[in-house]
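Reading through the structure tokens given below for one structure.
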Amino acid sequence: MARSTLHVLISLAFLAISPPSHASGAPLWTELSIPQRTALTPIAYDWDHLPADQRLKLLKVVKEFSKLTPKQQDIFYTRLKPWTRMTPAQRDAARDNFNKLQELPKAEQNQIKRLWMQTVGSDSAQPGATPGQ
Amino acid sequence: MTKEDEFAYRLTATLDRGVNGIDPATLNRLASMRRQAVSTQPDASRGHHVLTLLHRHGWVSATLALALLLTGWWFAQNTQPTYSAETDILLLTGDLPPNAYADKTFSKWLAARSMF
């Protein structure tokens, strides 16, 4: 009885310490498909050094790349490198604030965006600029 | 002397005589009733065994505590908010650059949006 209980507990412990499956198995640059490399060109030299979970997230993002307009693809290219160089906390904050902004009425969203562009944005909206957080 | 006083007197006298004063037939009946009462308490007995096991084998308690701790950690790691690639693509192609949304000033404006 005690022995079988111990075996169950040890199994649970191993299950608990095994890394989450989404944190492994991220492909290297040479393993990417041509469409993936095309979308990720701005970070070609950084790709292999990015954390595995970040690479897996980016692979989900680039699935949508072909659906973007040429103008959106240009913007994507411009922002991709600064985006990957933000800290995980900064990216989480950006996602959180973006979602919060979407919950506001359109007029309020536009006012906040305009205010940011007129004040802070003129300097920090440039590619590669360091976020204020 | 009231009836209650008389009963108390007789009870005290009986108790004073002790077990030796009880006839064998009554003793047998009491022993039988005791056995029957004890046999109807399986749950309490089982609980007692588990506690005894934990008490005697400290490593069982330690392993159990470690397993609970690691299970809690694993759940904490795997219950983070679901990632949405759609949000990221909108951030990377929207009106404002992603660093705008991560900006402290932007967060303050968002929090104090009543001023607009």
Side-chain angles (χ1 to χ4, degrees), chain A residues 1-2 5-6 8-10 12-13 15-18 20 22 57-58 60-65 68 72-73 75-76 78-80 82-83 86 89-102 104 107-108 110-113 115-117 119-121 124-127 129-133, chain B residues 46-47 49-116:
Chain A
M1 168 70 180
T5 307
L6 177 65
V8 170
L9 292 174
I10 290 173
L12 273 175
L15 182 70
I17 60 175
S18 63
H22 64 259
K57 284 178 180 174
L58 284 167
K60 289 180 184 172
V61 171
V62 299
K63 280 182 185 172
E64 307 297 318
F65 184 77
L68 300 176
Q72 285 176 321
Q73 289 184 350
I75 298 171
F76 181 90
T78 309
R79 292 178 181 172
L80 188 57
W83 172 249
M86 288 166 71
Q90 287 171 336
R91 282 193 295 271
D92 283 344
R95 291 179 185 119
D96 191 38
N97 282 340
F98 177 83
N99 290 325
K100 281 180 185 167
L101 189 73
Q102 304 311 305
L104 300 182
E108 274 189 55
N110 291 335
Q111 276 180 317
I112 293 177
K113 286 178 185 177
L115 189 58
W116 192 86
M117 288 302 290
T119 53
V120 190
S124 57
Q126 297 305 313
T130 306
Q133 188 171 331
Chain B
R46 188 175 299 163
H49 284 314
V50 172
L51 289 176
T52 305
L53 179 74
L54 291 176
H55 182 69
R56 285 184 186 167
H57 304 285
W59 59 269
V60 175
S61 306
T63 309
L64 191 62
L66 181 68
L68 286 172
L69 195 71
L70 292 173
T71 307
W73 175 81
W74 186 83
F75 273 108
Q77 292 292 312
N78 289 277
T79 52
Q80 290 171 352
T82 314
Y83 169 70
S84 163
E86 192 188 349
T87 301
D88 283 8
I89 198 87
L90 290 171
L91 275 165
L92 289 163
T93 58
D95 298 337
L96 294 183
N99 60 315
Y101 294 97
D103 191 276
K104 278 181 179 173
T105 311
F106 192 91
S107 299
K108 283 177 191 168
W109 289 343
L110 206 55
R113 64 191 175 88
S114 55
M115 69 182 186
F116 296 107

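L96(B) and W116(A) make their closest contact through CD2-CE3, 4.0 Å (heavy atoms, listed as atom of the first residue, atom of the second, distance). Of all non-hydrogen atoms in F98(A) and T87(B), the two that sit nearest each other are CD2-CG2, 3.8 Å. Contact detail for P98(B) and A94(A): the closest heavy-atom pair is O-CB, 3.7 Å. Across every non-hydrogen atom of N97(A) and Y101(B), the tightest pair is ND2-O, 2.6 Å.
The side-chain heavy atoms of N99(B) and W83(A), taken from C-beta on, include no pair separated by under 4.5 Å. Using a 4.5 Å heavy-atom threshold, the side chains of I89(B) and F76(A) count as touching.
Of the listed residues (E64(A), Q73(A), Q72(A)), just one forms a side chain to side chain contact (heavy atoms under 4.5 Å, CB included) with T93(B), and that residue is Q72(A).
If you measure heavy-atom distances from N99(A) to chain B, the contacts under 4.5 Å come from the side chain alone.
Checked against side-chain hydrogen bond (donor to acceptor under 3.5 Å, both in side chains), R79(A) has no partners two or more places apart in sequence or in another chain. Taking the side-chain contact (heavy atoms from CB on, under 4.5 Å) definition, one finds that A85(B) meets it with K60(A), V61(A), Y83(B), sequence neighbours left out.
D88(B) and K57(A) are not joined by a salt bridge, as no carboxylate oxygen comes within less than 4.0 angstrom of a charged side-chain nitrogen.
For Q102(A), the CD atom is densely surrounded, since the number of other residues' heavy atoms within 6.0 Å is greater than 12.
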Apply the test side chain to side chain contact (heavy atoms under 4.5 Å, CB included) to residues T105(B) and T119(A): give CA-CA distance (whole Å), side-chain angles for both, the deciding distance (0.1 Å), then the verdict. CA-CA 10 Å; T105(B) 311; T119(A) 53; 5.8 Å; no
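Expressed to the nearest 0.5 Å, how far CZ of R95(A) lies from CG of L90(B) amounts to 12.0 Å.
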